[in-house]
J.: 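Next up is a structure, given as structure tokens.
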Amino acid sequence: MLPVKQGVTQTGEREEMSKLVSTLRRHLQWKARAGIRVLPKGRPGDVGLAEVGSKEALSSNWMGGLEGNLFSDYATAYEAKSLEELRAAIGDCRRCKLWPGRTHLVFGVGNPQAQVMFVGEGPGRDEDLQGEPFVGRAGQLLTDIITKGMGFRREDVYIANVIKCRPPENRNPEPDEVESCEPFLKKQIDLIRPKVIVALGKFAVQTLLESKQPITRLRGIWHDYHGIKLMPTFHPAYLLRNPGDKKLVWEDIKKVLQELKVASA
Ligand code: URA
């Protein structure tokens, strides 16, 4: 409750409160238009109003500001207890400029308890049309790596991308698009908690590791992603153009298989 003060101060506080209420109303209307129908429950310690992706948010937690940010467009996503809830929280997403060009939002596919999670860049044409990651030519090669190389079924692993909507003409995702979408990938990883993440290609690797180093320097060695082992390797689309480097990817995948053996021993 506001302390009762006199005259000008009290009027000022009323005006401030009324501004706050109309800001909140506009925000809730915006949420409803974006398909977000459920509001998160507040929790003790919720204080943050930091922008998602802002320096304060990033320094305080690894979910990029999802936590405790009751008024953010990501609050319902943070509260999600399952991949289904997360997908519902994303809704008919219009958080970045890619939405008008998409056919489908490509969320991710596979085992919610997967030990291995593959992370690519973003949907291409086939993925946009089918609503599933890695289903085009590069996807076929990834499926071969998973099935013929690793001995898993595609549905045993989890496959997702850094961004969920196809950029026009398959251009590289832009920083504001990554900033808008990456919290969802982080939440997917947090829900799945795989033993190993395989990051496919320069874009996914550099984004996840927050590094500018070339993939040739990063691949083939273990990195830490918030307590999860991360193996960077070449993107299957790159391998289609440079089949000679398939042997390097196989070296990386063998390390992943060895790690899984150790982890489940
Ligand atoms: N390339 C990617 O990075 N992801 C896909 O889903 C398809 C192609």
Side-chain angles (χ1 to χ4, degrees), residues 83 86-87 90 93 96 98-99 101-112 114 116-150 152-189 192 194 196-211 214-216 218-219 223 225 230-243 245-246 248-249 252-253 256:
L83 292 170
L86 176 60
R87 177 64 192 89
I90 296 174
C93 187
C96 86
L98 291 177
W99 73 267
R102 73 168 177 245
T103 314
H104 289 107
L105 185 150
V106 181
F107 177 68
V109 73
N111 182 352
V116 194
M117 180 165 175
F118 291 86
V119 178
E121 177 176 323
R125 188 173 165 275
D126 295 302
E127 290 76 21
D128 173 63
L129 290 173
Q130 295 182 44
E132 186 172 329
F134 284 98
V135 289
R137 275 185 72 223
Q140 185 52 57
L141 185 49
L142 178 63
T143 304
D144 286 348
I145 293 170
I146 294 165
T147 56
K148 297 179 189 161
M150 303 179 82
F152 295 131
R153 295 170 309 162
R154 205 175 132 98
E155 53 272 34
D156 294 331
V157 303
Y158 197 87
I159 308 173
N161 285 307
V162 174
I163 61 162
K164 313 292 186 215
C165 295
R166 182 194 183 202
E169 312 303 327
N170 293 347
R171 66 155 167 74
N172 280 343
E174 292 176 353
D176 57 317
E177 295 156 4
V178 176
E179 190 179 307
S180 298
C181 214
E182 202 192 358
F184 301 131
L185 173 65
K186 289 182 167 176
K187 184 69 188 185
Q188 282 174 304
I189 295 171
I192 296 167
V196 171
I197 296 169
V198 181
L200 300 165
K202 171 183 154 175
F203 186 83
V205 171
Q206 290 185 340
T207 303
L208 288 171
L209 295 180
E210 294 179 47
S211 168
I215 176 103
T216 43
L218 295 168
R219 65 146 283 278
H223 298 259
Y225 182 81
L230 183 145
M231 174 59 72
T233 196
F234 290 127
H235 194 285
Y238 166 87
L239 292 182
L240 291 173
R241 300 189 301 272
N242 302 275
D245 279 347
K246 280 185 186 171
L248 294 177
V249 170
D252 304 344
I253 294 296
V256 170

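Order of listing sets the numbers, starting from 1, for every ligand and every atom in it. When reading the values below, keep in mind they use all heavy atoms of this one structure, side chains included, and skip hydrogens, waters and symmetry mates.
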J.: Is any side-chain N of the basic residue among Asp128 and Arg125 closer than 4.0 Å to the acidic one's carboxylate O?
T.: no

J.: Would you please write out the protein residues whose heavy atoms approach any atom of ligand 1 to under 4.0 angstrom, listed by chain and number?
T.: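 If the criterion is a heavy atom under 4.0 Å, then ligand 1 touches Gly120, Glu121, Gly122, Glu127, Pro133, Phe134, Asn161, His235.
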
J.: What is the minimum heavy-atom distance between Asp252 and Arg219, and which atoms define it?
T.: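 Minimum heavy-atom contact is OD1-NH2, 2.8 Å.
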
J.: Which heavy atom of Ala114 sits nearest a heavy atom of Asp156, and at what distance?
T.: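 Distance-wise, the nearest heavy atoms are CB-O, 3.5 Å.
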
J.: Quick one: closest heavy-atom pair of Asn172 and Glu121, and the distance?
T.: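 Asn172 and Glu121 have their closest heavy atoms at OD1-OE2, 3.5 Å.
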
J.: Kindly indicate whether the side chain of Val135, heavy atoms from C-beta on, has any atom under 4.5 Å from the side chain of Arg154.
T.: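 Yes, side chains in contact.
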
J.: Which residue pairs pass the ring-ring contact (aromatic ring centres under 6.0 Å, His included) test when at least one of the two sits in residues 116-139, sequence neighbours left out?
T.: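 ring-ring contact (aromatic ring centres under 6.0 Å, His included) check on residues 116-139 returns Phe134-His235.
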
